[in-house]
Visitor: 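I have a structure I would like to understand better, so I am pasting it below and will then ask my questions one at a time.
Side chains are part of it too, since the values below use all heavy atoms of this structure and drop only hydrogens, waters and symmetry mates.
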Amino acid sequence: MNEVNLSVQSGEFLAIMGPSGCGKSTLLNILGLLDTPDSGEYYFNGVPTAGMSELNRTRMRKGKIGFVFQNFNLIDELTVYENVELPLLAVRMRPPERKKRIMAVLDRMQISHRRDHFPQQLSGGQQQRVAIARAVVPEPGLVLADEPTGNLDSANGEEVMQLLEHLNESGTTIVMVTHSMAHAERAHRTVNLLDGRVIIDHRIRQFHIA
């Protein structure tokens, strides 16, 4: 990234666009505390993260940031239920609350009838629903979605976009990398990157700050 000055407000839905290799995924990884910038500063919830250890970055991510990937990143050996359970195990949630939270999010994503199936037994759209369920089950304030519709047909892609919009309407901040102009236009704001720089920062519509 090169002299990027970017602020994301709580409750915002931001779409990041640009050609392959322009830095979209790098920016998403920095926002998600997976990578650290070579220079400059990144504040997460008002906390400076430059120089923070990997352990502290991991602690800061837990329960606060959810990730949705183009390739789903589900664990084939685990059932739908067990895949969604993983983030709650990381925060050591008690079993009764864990089960209640998992079943609620599976119902919300309309995938509870597949709770005992394995990822390879699901369609691409169903796998992405599970991936979104896993991302949001800890009730994070921020969800980072890297090409969440990239491997889906138009119908399943539309379903995923509706799920992300509903999450945002309930107060979750969404930052989504996409190549789809139609999907980007459903965000509150689009940022276009080129060669690691922000070349366009365009407000599409206003939103209510949480």
Visitor: Kindly indicate whether the side chain of Leu33, heavy atoms from C-beta on, has any atom under 4.5 Å from the side chain of Tyr42.
Guide: yes
Visitor: Quick one: pull up CZ in Arg186 and CE in Met161 and give me the separation to the nearest 0.5 Å.
Guide: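 So the gap between those two atoms works out to 5.0 Å.
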Visitor: With rounding to the nearest 0.5 angstrom, report the OG1 to CG distance, Thr172 to Leu167.
Guide: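 Here the interatomic distance stands at 5.0 Å.
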Visitor: Could you go through Leu193 and Ile199, starting from their C-alpha distance and side-chain angles, then the distance that decides it, and tell me whether this counts as side-chain contact (heavy atoms from CB on, under 4.5 Å)?
Guide: CA-CA 6 Å; Leu193 299 181; Ile199 58 170; over 6 Å; no
Visitor: Val136 versus Val143: any side-chain heavy-atom pair under 4.5 Å?
Guide: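 In short, these two side chains touch, coming nearer than 4.5 Å.
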Visitor: Please find the pair of heavy atoms, one from Gly157 and one from Thr149, that lie closest to each other, and give the distance.
Guide: O-CG2, 3.6 Å
Visitor: Side chains of Asp76 and Gln120: donor-acceptor distance under 3.5 Å anywhere?
Guide: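 There is such a pair between these side chains.
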Visitor: Which pair of heavy atoms, one from Pro138 and one from Pro87, lies closest together, and at what distance?
Guide: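 That would be CG-CB, 3.6 Å.
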Visitor: Atom CE of Met17 and atom OG1 of Thr178: how far apart are they, to the nearest 0.5 Å?
Guide: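 Rounded to the nearest 0.5 Å, the CE-OG1 separation comes out at 5.5 Å.
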Visitor: I'd like to check Pro19 versus Leu194 (side-chain heavy atoms, cut-off strictly below 4.5 Å). Are they in contact?
Guide: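 Heavy-atom side-chain distance check passes, below 4.5 Å.
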Visitor: Per the side-chain hydrogen bond (donor to acceptor under 3.5 Å, both in side chains) rule, what does the pair list look like for residues 12-23, sequence neighbours excluded?
Guide: Glu12-Arg189, Glu12-Arg203
Visitor: Is the CG atom of Asn5 crowded by more than 12 outside heavy atoms at less than 6.0 Å?
Guide: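 No - once you tally the heavy atoms of other residues, nucleotides and ligands closer than 6.0 Å, there are 12 at most.
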Visitor: Which heavy atom of Phe13 sits nearest to which heavy atom of Ala187, and what is that distance?
Guide: O-CB, 3.2 Å
Visitor: Out of curiosity, does Val175 fall in the hydrophobic cluster containing Leu27 (side-chain heavy atoms, cut-off under 4.5 Å, transitive links)?
Guide: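 The answer is yes; both residues are in one hydrophobic cluster.
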Visitor: For the side chain of Asn168 and the backbone of Gly11, is there at least one donor-acceptor N/O pair under 3.5 Å apart?
Guide: yes
Visitor: Going by heavy atoms in the side chains, are Leu122 and Arg114 under 4.5 Å from each other?
Guide: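 Touching, per the 4.5 Å side-chain cut-off.
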Visitor: Work out which heavy atom in Leu78 is nearest to a heavy atom in Asn83; give both atom names and the distance.
Guide: O-ND2, 3.1 Å
Visitor: Under a single-linkage definition using a 4.5 Å side-chain heavy-atom cutoff for Ile, Leu, Val, Met, Phe, Trp and Tyr, are Leu34 and Val68 assigned to the same hydrophobic cluster?
Guide: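 No: no chain of side-chain contacts under 4.5 Å links Leu34 to Val68.
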Visitor: Under 3.5 Å, side chain of Thr49 to main-chain N/O of Met52, donor-acceptor pair present?
Guide: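 Side chain of Thr49 to backbone of Met52: no pair is present.
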Visitor: Let me check something: do Leu163 and Leu14 share a hydrophobic cluster, defined by ILVMFWY side-chain heavy atoms less than 4.5 Å apart, either directly or through other members?
Guide: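 No, no single cluster joins them.
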Visitor: Is the shortest side-chain heavy-atom distance between Leu142 and Phe44 below 4.5 Å?
Guide: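 Contact flag for Leu142/Phe44 side chains = yes.
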Visitor: Are Lys24 and Glu147 ion-paired here, with the side-chain N under 4.0 Å from a carboxylate O?
Guide: no
Visitor: Is Ile65 linked to Val47 within one hydrophobic cluster, defined over Ile, Leu, Val, Met, Phe, Trp and Tyr using a side-chain heavy-atom separation of less than 4.5 Å?
Guide: yes
Visitor: Ignoring hydrogens and geometry beyond distance, is a side-chain donor-acceptor pair present between Thr26 and Asn29 at under 3.5 Å?
Guide: no
Visitor: Got a second to check how far Asp107's CG is from His113's NE2, nearest 0.5 Å?
Guide: 11.0 Å
Visitor: Does the Gln126 side chain pair with the main chain of Ser123, one donor and one acceptor, at a distance under 3.5 Å?
Guide: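 Looks like yes, one N/O pair under 3.5 Å.
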Visitor: Taking atom types as modelled, find out whether Glu54 and Thr58 have a side-chain donor-acceptor pair closer than 3.5 angstrom.
Guide: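 Checked: Glu54/Thr58 side chains pair up, N/O donor to acceptor below 3.5 Å.
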Visitor: Can you name the closest pair of heavy atoms from Leu164 and Pro148 and give their distance?
Guide: CD1-CG, 4.0 Å
Visitor: Begin from the C-alpha positions of Ile200 and Val191 and carry the test side-chain contact (heavy atoms from CB on, under 4.5 Å) through to its verdict.
Guide: CA-CA 6 Å; Ile200 299 174; Val191 167; over 6 Å; no
Visitor: Taking all atoms of both residues into account, what is the closest heavy-atom pair of Met109 and Arg129, and its distance?
Guide: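 Closest approach of Met109 to Arg129: O-NH1, 2.5 Å.
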Visitor: To the nearest 0.5 Å, what is the distance between CG (Asp153) and CD (Glu159)?
Guide: 8.5 Å
Visitor: Verify whether one side chain among Thr79 and Asp116 offers a donor that lies under 3.5 Å from an acceptor in the other.
Guide: no
Visitor: Counting N and O atoms only, with roles assigned by atom type, does the side chain of Gln121 sit under 3.5 Å from a partner on the main chain of Phe118, one being a donor and the other an acceptor?
Guide: yes
Visitor: Establish whether Val160 and Val130 are linked, either directly or via other cluster members, by ILVMFWY side-chain heavy-atom contacts under 4.5 Å.
Guide: yes
Visitor: With the threshold set at 4.0 Å, does a side-chain nitrogen-carboxylate oxygen contact exist between Glu139 and Arg101?
Guide: yes
Visitor: Run the side-chain contact (heavy atoms from CB on, under 4.5 Å) check on Leu88 and Val137 step by step: do they pass?
Guide: CA-CA 8 Å; Leu88 302 184; Val137 72; 3.7 Å; yes
Visitor: Would Leu74 and Gln127 satisfy side-chain contact (heavy atoms from CB on, under 4.5 Å), going step by step from the backbone distance to the final call?
Guide: CA-CA 8 Å; Leu74 301 175; Gln127 289 187 60; 4.0 Å; yes
Visitor: Between Gln128 (side chain only) and Phe72 (backbone N and O only), is there a donor and an acceptor less than 3.5 Å apart?
Guide: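 Not confirmed, Gln128 side chain does not pair with Phe72 backbone.
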Visitor: Roughly how far, to the nearest 0.5 Å, is the OH atom of Tyr81 from the CZ atom of Arg98?
Guide: 7.0 Å
Visitor: Would you say the side chain of Lys62 lies within less than 4.5 Å of the side chain of Val91, judging by non-hydrogen atoms?
Guide: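 Side-chain contact under 4.5 Å: yes.
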Visitor: So does Arg205 pair up with Glu185, basic N to acidic O under 4.0 Å?
Guide: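 Salt bridge between Arg205 and Glu185, a charged N being under 4.0 Å from a carboxylate O: no.
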